[in-house]
Amino acid sequence: MQSQRKRAPESAQIVVIIGTGGTIAGASGSATDNIGYKAGSLSVESLVKAVPALASRALEAEQLAQLDSKDMDHATWAKLARRVEEQLARPEVRGIVITHGTDTLEETAYLLQRVLAPSKPVVLTAAMRPATAIQADGPQNLLDAVSVANAEGVRGVVAVVAGQVWSGLELRKTHSYRLDAFEAGPDAGPLAVVEEGVIRRFRDWPIGEALGASLLPQDAAQWPWVEVLGSHAGADARSIEAWRSAGLQGLVLACTGNGTLSQALEQPVAALKRAGVPVWRTTRCAQGRIVGAVDEPAAALSPWAARVELMLQLLQRR
Ligand code: ASP
């Protein structure tokens, strides 16, 4: 297990920007088209060059992937976590910025915080409009992210979007279109805001024990198979039965309200548990936690973060 325990020394000046794609690197045929674009089209170098205020900063940029983050995958996560861990170990590196799509930003942020728990800042940033839009939000978000990565005392995995700084463990995308598309759950707010490059902090930076990037298999086939299933009107047991016979290794239930489950799913869930497959309950509500569920490991997590957490637990058991 490797963890980054030392604070950035005085000499640490470089911010490394790692590109993974997303709308922030998206291009559309028309400047007025904010939705009909191709994510992950422009290089991370070109995103940096588009922000003149970054020209005077000590930056390095590298392209790790070029994905629409709806297609983020386990092999890319393993590669990204290893690369960030390597870059954090360089004494001259002050912090990391990762450009990413908004769609699965919360999953990557949760994973990186649990795996790396860095003492230097790892700042994910994204955009809701492509780089070609008349009012693209990416350049300001990138500039803000670099300011956060450079700021004194910042640590842990955070996300910077629309002038707000979110904890990697709490981030949730709650809007499909607005520029301020994120919230923190359950019932939490931003850690800080960025105003003209200055950070105004409200809460503590994320901390924790690093599991180490080597926990994550580089071969996607070696990751445990964990699914998320919603409980809803007309729920049908056949989905769970089909997954069980296909070899499912973990299940996260996105339950109704305060963690309740449709009667139709009770028996197949019990059978799954008897077969040794862990089943965790979360709420499908956009906010709140499962109140009173003291034994539920994921009662305060979104279904998507819970899925990442369950995969990490299964990997640790190997
Ligand atoms: N589909 C895009 C992505 O996640 C959406 C975005 O970045 O806003 O890559």
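The first residue in the sequence is number 1, and the count goes up from there. In each ligand, atom 1 is the first atom listed, and ligand 1 is the first ligand listed. Please read all numbers here as calculations on a predicted model, not as lab measurements.
- The NZ atom of K79 lies 11.0 Å from the CD1 atom of I18; values are rounded to the nearest 0.5 Å.
- Enumerated by chain and number, the residues approaching ligand 1 to less than 4.0 Å through a heavy atom are G22, T23, Y37, D68, S69, G101, T102, D103, A127.
- Checking E60 against Q87 by side-chain atom types alone, no donor-acceptor pair falls below 3.5 Å.
- Residues near V198 contribute nothing to a hydrophobic cluster around it, because no ILVMFWY side-chain heavy atom sits closer than 4.5 Å to its side chain.
- Put simply, CZ on R114 and CG on L211 are 5.0 Å apart, with the number rounded to the nearest 0.5 Å.
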Donor-acceptor pairs under 3.5 Å, side chain of residues 121-137 to any protein atom, not counting sequence neighbours: which ones?
| from | atom 1 | to | atom 2 | distance (Å) |
| --- | --- | --- | --- | --- |
| T125 | OG1 | N141 | O | 3.4 |
| T125 | OG1 | V160 | O | 2.7 |
| R129 | NH1 | Q135 | O | 3.0 |
| T132 | OG1 | S28 | N | 2.9 |
| D137 | OD1 | M128 | N | 3.4 |
| D137 | OD1 | R129 | N | 3.0 |
| D137 | OD2 | M128 | N | 2.8 |

Using residues 248-260 as the side-chain source, report each donor-acceptor pair under 3.5 Å to any protein atom, sequence neighbours left out, with the distance given to one decimal.
| from | atom 1 | to | atom 2 | distance (Å) |
| --- | --- | --- | --- | --- |
| Q249 | OE1 | W225 | N | 2.7 |
| T256 | OG1 | T260 | O | 2.8 |
| T256 | OG1 | T260 | OG1 | 2.8 |
| N258 | OD1 | V291 | N | 2.7 |
| N258 | ND2 | V291 | O | 3.0 |
| T260 | OG1 | T256 | O | 3.0 |

